[in-house]
Number of protein chains: 2
Amino acid sequence: MAPDADSSGLDTSGLDTSALDTVLGKAVAILRAFGPDDRMLPLAELVRRTGLPKPTVHRVAADLVGHRLLEKTEHGYRLAGGLFELGMRAATERTLLEVAMPYLQDLYERTHETVHLGVREGTEVVYVAKIGGHRQARTPSRTGGRMPMHCTAIGKALLAYAAPSVRAGVLGGELPRRTPRTIVAPGLLNQQLDRVLETGLAYEREESTEGLLCVAAPVLDADGTGALAAISVTGPVGRFRPEVHESALRAAVTALGSVLARRRYRG
Amino acid sequence: MAPDADSSGLDTSGLDTSALDTVLGKAVAILRAFGPDDRMLPLAELVRRTGLPKPTVHRVAADLVGHRLLEKTEHGYRLAGGLFELGMRAATERTLLEVAMPYLQDLYERTHETVHLGVREGTEVVYVAKIGGHRQARTPSRTGGRMPMHCTAIGKALLAYAAPSVRAGVLGGELPRRTPRTIVAPGLLNQQLDRVLETGLAYEREESTEGLLCVAAPVLDADGTGALAAISVTGPVGRFRPEVHESALRAAVTALGSVLARRRYRG
DNA sequence: GGGGACCGTTCCACTCAGCGGTACGCTGAT
DNA sequence: ATCAGCGTACCGCTGAGTGGAACGGTCCCC
């Protein structure tokens, strides 16, 4: 429970756009109160995070338990299996995952490093898949988790091929520093993005997490102008050499891209 | 020891136990109206499946869209990315998945056949992971999807090690025939389950899907008495020889089991 | 080209589901 | 013994939620 200033995971208390004056809003607020690393939260903690009255949380949570979205243990509540089942039915993520999995497998087998598949969601990256073996570097990413775009290889790959308005929005917004090497200068980042467009590859060198290197490539749509997703290979500083994996990565994204094009996958 | 909270008896497959007279119930009903294979449903179809009045579905669906649980397109609604993100935070599934992934990878690499990870949920199997390459057999299973226990290798592996009440519940209930080879005789199935306890391996030979073979093994808990999950290897009749993969499968489940025990994973 | 079936959307007056202040019993730490 | 914090229970008020009715659009078939 180290309240380190670094972990941006803390809910910025005020900025919850969700309306808390409707039942559904309260229910969603309770579910979203669970961060990516929270296994179990007691009622009081849910009250604190949501700002809702205690009896209200108690009642809504009980309803959620009835619907198998929440589970009650003697130590608190946790997100239940029903949510997992529903989540895996999400249209775009499921399709992308099923089509991409063989290519991710190939890539893992050739590299034996952690392989990510991510899509853009607003101004952030959402990881749709993360596969790795026993020796994988300790990465902050999680399947279903989010990361900023400006400090991750996948983020840069996606941002480079995104609509100009999106790129401008991210460059013009906050570029929070996560490590000493995080690129916080919009101009420099913009240059890098242009290079990504030229080479088709994006890099991250300890910009989101110290000790971590990463190469990514975009999965392009049928026109070759936009990115449907991006794939990355990640490893620790020292043994990991990004260049080694570039051809395998390129092979993966082009193959996946053409299959998605054939399926008319739009995202 | 474990108070069998999971009373399988009451689990009659009445699809709608959910109360439709509360907002939350309606919302869940709408989300659950999406089957594993439904990509997109028009409003009218949601009305049909849920039995709710049209304006009600319209309004609740709009709310769900506002919370990023549903997405609206010109052709209808579909489950949105927000659900995927939430689902991947489900406590038990996420932990199991993260710990197991490296072992599943190993297993895939050694077999190059479709690998499944599943847990018991009531009287059914829920697949937590499914990984495979380009040549994978066409299986009806999906990550986050359900299958009956009596006709799948993973199901038999889980059922054999489940509490006697659970086994009795399944054997005493319906054993729907899915193929000519589905085992629908409770006695025969019971014999097979006993053999699973002796050998630590469960088989399926075209019992859920024609043309498909499968071997599974349970991931045992610290006591070695109950199954926390099960792993299977699947392939098509013809090239696929279950015996070939038995040792790799055994290695995977024992390794995973001991890691979970060390972590005091309970399920 | 007109009628009908089905669609998504909007309106609005009624009412009961949801609300949350208040209160209670139960831990542990002090 | 005291207290702070927890989960739970009660219950009268009220506005969020409701859904019948109606409207405009599209498609297809006669």
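Here is how names work: the chains are called A, B, and so on, in the same order as the sequence lines, proteins then strands, and each is numbered from 1. Keep in mind it's a predicted model, so treat the numbers as computed, not measured.
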Check: Base, sugar-phosphate, or nothing: which does Thr56(B) touch, judged by heavy atoms less than 4.0 Å apart?
Finding: base
Next item on the list: Please check if atom CD in Glu174(B) has more than 12 non-hydrogen atoms from other residues, nucleotides or ligands closer than 6.0 Å.
Entry: no
Margin query: Can you identify which nucleotide, out of dG17(D), dT8(D), dT9(C), has its nearest atom closest to the Tyr77(B) side chain?
Written below: dT9(C)
Item checked: Under-4.0 Å side-chain N/O to phosphate OP1/OP2 contact, Lys26(B) with dT18(D) -> yes
Margin query: Need one value for Pro55(B): base, sugar-phosphate or nothing, where a base atom within 4.0 Å counts as base even if backbone is also close, heavy atoms only.
Written below: base
Checklist line | Qualifying residues under side-chain hydrogen bond (donor to acceptor under 3.5 Å, both in side chains), relative to Thr114(A), sequence neighbours excluded | finding: none
Check: Is Arg59(A) near enough to dC10(D) that one of its side-chain N or O atoms lies under 4.0 angstrom from OP1 or OP2?
Finding: no
Notebook entry, point to check: Mapping Lys54(A) and Val23(A) onto DNA chain C by nearest heavy atom, which one lands closer to the 5' end?
Noted result: Val23(A)
Check: Of the nucleotides dG19(D), dG20(C), dG7(D), which one has an atom closest to the side chain of Pro53(A)?
Finding: dG20(C)
Notebook entry, point to check: Does the Thr95(B) side chain pair with the main chain of Ala91(B), one donor and one acceptor, at a distance under 3.5 Å?
Noted result: yes
Margin query: It should be established whether His58(B) places a side-chain nitrogen or oxygen under 4.0 Å from OP1 or OP2 of nucleotide dG8(C).
Written below: no
Notebook entry, point to check: Asp63(B) or His75(A): which one's nearest nucleotide on DNA chain D is closer to the 5' end?
Noted result: His75(A)
Check: With sequence neighbours excluded, what pairs up with Glu210(B) under the salt bridge (Lys or Arg N to Asp or Glu O under 4.0 Å) test?
Finding: none
Item checked: Rounded distance (Å) that lies between atom P of dG8(C) and atom NZ of Lys72(B) -> 9 Å
